[in-house]
Amino acid sequence: MKNVFETADARQKQAKKRSLYLINEHSESVFNTAAAPQIVFQRPVRRETSKQNMGYDPIKALLQRSIMALLCLLTAVSVMAQEGPQPRLPVIELTAGMYVIQAEVAQTMDEQSMGLMYRRSMGVNEGMLFIYDNPQIRCFWMRNTPLPLTIAFIADDGSIVNLKDMQPETEKSHCAAKPVRYALEMNQGWFEKRGFKPGFKLRGIPLTPAIAQ
């Protein structure tokens, strides 16, 4: 009888252990699937902002730049085409021996900067007198000036300091031999043809305010 009861008791214990094993196994399965779900990290999607995705067209951009450059060039050419000689300035008479010079007077900075630029003709005894407030070493060039000229740098007393021939459309500087307030531009060769040299005195040179004082 002991063996029978022991056998039954052993079987009962084994059945109990089997039940506990199934419960534990089921519990772990539930825990693993429900209580601890798998977390998946996803990399954020980056939006492409390249020139290609924004509709950038290199050929179109090059064409636009070319058009802008062409417009700038046409504007510059148009401005240059509109440039011309400045209006005739007030005239005074200067006397050189038996000759009377009709001299336009350039006194302002704008008038002096423009000078005889773009002037294509000038009368035989016509010229332009530049008047400055203070004596300085004055230098002139011939940019945009198609007329061949001779310039006389003149002292306060009207005497010619030195003469310089200037060729058309050149940028070589032609300067006074000493500080002067006056310079007179005439057709090239005018002084030489009449025998006027440095030291010869012109009459009718207007006094500047500084000299008048």
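Here the side chain of Q112 pairs a donor or acceptor atom with the backbone of I131 at under 3.5 angstrom. For W190 (side chain) and V124 (main-chain N/O), a donor-acceptor pair under 3.5 Å exists by modelled atom type. Between the side chain of N187 and the backbone N or O of G123 there is at least one donor-acceptor pair closer than 3.5 Å. In terms of modelled atom types and a separation under 3.5 Å, the side chain of T150 and the main chain of G189 share a donor-acceptor contact. Judged by distance alone, the side chain of E104 and the main-chain N or O of L89 form a donor-acceptor pair under 3.5 Å. The backbone N or O of E111 lies less than 3.5 Å from a partner atom in the side chain of Q86, making a donor-acceptor pair.
Under the 4.5 Å side-chain contact rule for hydrophobic residues, I151 and M117 do not share a cluster. If you chain together hydrophobic residues whose side chains sit under 4.5 Å apart, M122 and M128 fall into the same group. Note: the hydrophobic cluster containing V105 also contains Y182 (ILVMFWY, side chain heavy atoms under 4.5 Å, direct or indirect links). No continuous path of ILVMFWY side-chain contacts below 4.5 Å connects L116 to M186, so the two sit in separate hydrophobic clusters.
Nearest heavy-atom pair across M166 and F140 is SD-CB, 4.1 Å. Between P168 and P146, the shortest heavy-atom contact is CB-O, 3.4 Å. Heavy-atom minimum distance, I160 versus A152: CG2-CB, 4.3 Å. Of all non-hydrogen atoms in L163 and F196, the two that sit nearest each other are CD1-O, 3.5 Å. Among all heavy-atom pairs drawn from C175 and K164, the shortest one is O-CE, 3.9 Å. Of all heavy-atom pairs spanning A177 and N162, the tightest one is N-OD1, 3.1 Å.
L184 has its side chain within reach of L202: a pair of non-hydrogen atoms, C-beta onward, lies under 4.5 Å apart. With contacts defined as side-chain heavy-atom distances shorter than 4.5 Å, the pair I137/P179 qualifies. Side-chain contact between L129 and P206: present, with at least one pair of heavy atoms (C-beta onward) separated by less than 4.5 Å. A heavy-atom distance below 4.5 Å is found between the side chains of Q167 and Q188.
Note that R138 lies outside the cation-pi zone of F130, set by a 6.0 Å cut-off to the ring centre and a 45° limit from the axis.
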With a 3.5 Å cut-off and sequence neighbours excluded, list the donor-acceptor pairs that the side chains of residues 92-102 form with protein atoms.
{"residue": "E93", "atom": "OE2", "partner": "Q102", "partner atom": "NE2", "Å": "3.2"}

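Under the side-chain hydrogen bond (donor to acceptor under 3.5 Å, both in side chains) criterion, N144 pairs with Y118, sequence neighbours left out. By the ring-ring contact (aromatic ring centres under 6.0 Å, His included) test, F191 pairs with no residue at all, sequence neighbours left out.
Put simply, the residue from R181, K201, K178 that forms a salt bridge (Lys or Arg N to Asp or Glu O under 4.0 Å) with D156 is R181.
Side-chain N/O atoms of D157 and S159 include a donor and acceptor closer than 3.5 Å.
Salt-bridge annotation for R88 and E126: present, with a side-chain N of the basic residue lying under 4.0 Å from a carboxylate O of the acidic one.
To the nearest 0.5 Å, atoms NE2 (H174) and CE (M142) are separated by 7.0 Å.
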